[in-house]
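First the structure, in the form of structure tokens, and then the observations on it.
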Amino acid sequence: MVTVMKRTTYSARSKPAPTLSPSSTNKRKADDDESDVENHVRPLTQKKKQRFALITSKAKAPAASRPLKPSQQKTLTQLHFVLDSSVLRACTLCGLSYTRGAPDDEALHRSHCGRVQRGMEWGREEERESLKAGVTEISANVRIKNGTCGRIICFPANIGGRIGSKLANLLETINLTLTSPPLTKPVLDNSKAYLFLIPSQTNSYREKIVGCVIAQRISTAMAIAAPEETAAAGTHHSDNTSLNGSPKSLVAKPMAALVAVDVASGLFCHPTPLSTPLGIPRLFVSSSHRRQGIATRLLTAAAETFIHGCPLDPLKGEVAFSQPTEGGNAVMKSWGKGFVRIYEEYPTGIRRSSKNT
């Protein structure tokens with residue numbers, strides 16, 4: 001018996017299924033998805049297109065056009081213009097005029113008013129620096145009218161450092177109070193500052209600056225005209241007479257022979273310049289310490305010590321004030337007995353009038 005064996009070749013074997021790469025698989029999947037979208041998406045009708053456009057426009061509307069909730073709405077304030085009243089207020093304590101309601105003006109007024117009433121402080125820092133800065137104690141245990149004892153110190157007005165900053169703040173307060181321009185550098189270079197200090201009631205290590213005098217080296221000043229001279233220069237007899245032969249009437253004429261310093265108070269000077277060594281451009285006493293004799297003590301100390309070894313006498317016309325205010329005029333008359341002169345405060349080579357003391 002013959003057995004026939006079937007020969008199997010490699011070509012007859014079953015071939016394995018071809019494997020696909022990831023890129024081809026993804027491409028095929030994307031093609032299938034695209035075909036599905038094409039099969040399921042139907043073209044929009046005209047009515048559906050209009051509805052779709054309306055929904056899209058509502059979604060893109062700005063947030064500002066939407067009504068705010070009551071909690072998100074801002075509270076508005078109604079402003080009114082009051083034309084019959086002024087917002088400019090003048091303080092009765094310090095005399096400073098400021099705009100009511102303006103934060104900067106009100107802050108300036110609070111700071112200025114406190115300095116004018118209570119003065120500025122002189123502490124340990126200034127005392128330690130005074131030994132190197134050349135600060136001199138003119139007199140100690142100076143008793144004023146209310147029984148308080150203080151002291152008077154002196155130093156150059158162009159001093160620097162902490163004491164210079166303290167003096168600059170003090171002069172700024174004085175200038176605001178007197179409505180005066182700042183003292184120029186040539187004036188400060190030829191001046192000395194005299195301060196009246198009293199013990200502080202809240203801190204035993206500090207003192208209060210309650211008075212200040214700036215003494216300046218000058219060359220000439222004008223003598224003040226007496227009231228009789230002012231009255232004689234202000235009137236003259238008219239050349240016209242009445243029809244009935246009555247006496248000639250007195251009429252006012254300009255005072256060409258006198259220099260007007262303050263017409264309201266009747267302060268006039270003779271224009272002739274007289275040799276005068278000492279000028280007082282600034283005089284200030286805090287409002288809560290006035291009428292205690294502080295100004296008189298400071299002026300006397302300045303007259304006696306401004307020129308070393310040569311005390312000056314105001315009764316001899318050796319001291320002058322620079323265009324005093326009403327308060328300064330009263331001090332000048334009581335201290336100088338009418339012999340204090342007037343000079344015009346100005347920088348070197350430049351004439352400039354100002355209101356001082």
Side-chain angles (χ1 to χ4, degrees), residues 115 120 126 129-130 132-136 138 152-196 209 211-224 259 261-262 267 269-285 295 298-299 301-312 314 317-325 328-329 331-332 336 340-357:
R115 293 177 182 177
M120 297 179 63
E126 290 81 11
E129 188 178 325
S130 64
K132 302 178 182 179
V135 178
T136 305
I138 302 300
I152 298 176
I153 62 174
C154 173
F155 51 86
N158 60 353
I159 193 173
R162 188 180 185 90
I163 298 178
S165 300
K166 181 75 68 174
L167 179 62
N169 293 334
L170 179 60
L171 289 177
E172 181 181 357
T173 301
I174 296 174
N175 293 331
L176 283 175
T177 304
L178 304 176
T179 61
S180 301
L183 294 175
T184 60
K185 188 178 185 301
V187 172
L188 294 176
D189 291 341
N190 296 314
S191 303
K192 292 182 181 180
Y194 292 83
L195 303 182
F196 196 98
I209 305 174
C212 175
V213 160
I214 303 297
Q216 176 191 358
R217 186 72 167 92
I218 61 174
S219 57
T220 60
M222 298 176 292
I224 298 177
V259 177
V261 178
D262 188 2
L267 184 59
C269 293
H270 295 286
T272 304
L274 303 175
S275 178
T276 309
L278 177 60
I280 306 296
R282 296 292 184 275
L283 169 62
F284 175 77
V285 177
L298 286 171
L299 290 171
E304 292 178 351
T305 63
F306 181 76
I307 300 177
H308 181 68
C310 182
L312 303 175
E318 296 176 341
V319 181
F321 280 38
S322 65
Q323 298 182 344
T325 59
N329 190 15
V331 174
M332 180 182 64
V340 174
R341 296 171 180 172
I342 299 294
Y343 79 101
E344 186 178 5
E345 174 195 330
Y346 56 89
T348 303
I350 301 176
R351 295 176 62 87
R352 185 183 68 178
S353 61
S354 61
K355 292 172 62 179
N356 300 319
T357 56

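Computed from a predicted structure; not experimentally measured.
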With sequence neighbours left out, the residues meeting side-chain hydrogen bond (donor to acceptor under 3.5 Å, both in side chains) with S191 are none
Original post:
Any side-chain heavy atom of P324 within less than 4.5 Å of one from D262?
Top reply: no
Nearest heavy-atom contact between C212 and L298 is N-CD1, 3.5 Å
I163 and A133 have their tightest heavy-atom pair at CD1-CB, 4.3 Å
So R217 and P277, do their side chains get closer than 4.5 Å, heavy atoms only? yes
Rounded to the nearest 0.5 angstrom, the CG-CZ distance for L183 and R282 is 4.0 Å
side-chain hydrogen bond (donor to acceptor under 3.5 Å, both in side chains) filter on D189, not counting sequence neighbours, yields N158, K185
Heavy-atom nearest pair, A221 first then A320, reads CB-CB, 3.6 Å
Contacts satisfying salt bridge (Lys or Arg N to Asp or Glu O under 4.0 Å) that involve residues 153-165 (not counting sequence neighbours) are E126-R162
Rounded to the nearest 0.5 Å, the NZ atom of K192 sits from the CD1 atom of I159 at a distance of 12.5 Å
Rounded to the nearest 0.5 angstrom, the CZ-CD1 distance for F284 and I214 is 12.0 Å
For residues 305-312, run the donor-acceptor check on the side chains, cut-off 3.5 Å, and write out each pair with its distance to 0.1 Å, sequence neighbours left out.
from: T305; atom 1: OG1; to: Y194; atom 2: OH; distance (Å): 3.0
from: T305; atom 1: OG1; to: A301; atom 2: O; distance (Å): 2.6

CD1 of I209 to CG of N169, rounded to nearest 0.5 Å, is 9.5 Å
d(L283 CG, I174 CD1) to nearest 0.5 Å is 8.5 Å
How about V331 and V285: do any of their side-chain heavy atoms sit closer than 4.5 Å? no
Would the distance check show the side chain of T179 and the main-chain N or O of N175 forming a donor-acceptor pair, the cut-off being under 3.5 Å?
no
Which of R341, M332, H270 passes side chain to side chain contact (heavy atoms under 4.5 Å, CB included) with I224? Answer is M332
Here the pair of heavy atoms bringing L167 nearest to A157 is CD2-O, 3.5 Å
ask   = Should Y343 and P281 count as side-chain neighbours, where that means a heavy-atom distance under 4.5 Å?
value = yes
In terms of heavy-atom contacts, C269 and V261 come closest through SG-CG2, 3.6 Å
To the nearest 0.5 Å, atom CG of L278 lies from atom CD1 of I218 at 6.5 Å
Item checked: Heavy-atom check, side chain of L299 versus side chain of I280, under 4.5 Å -> yes
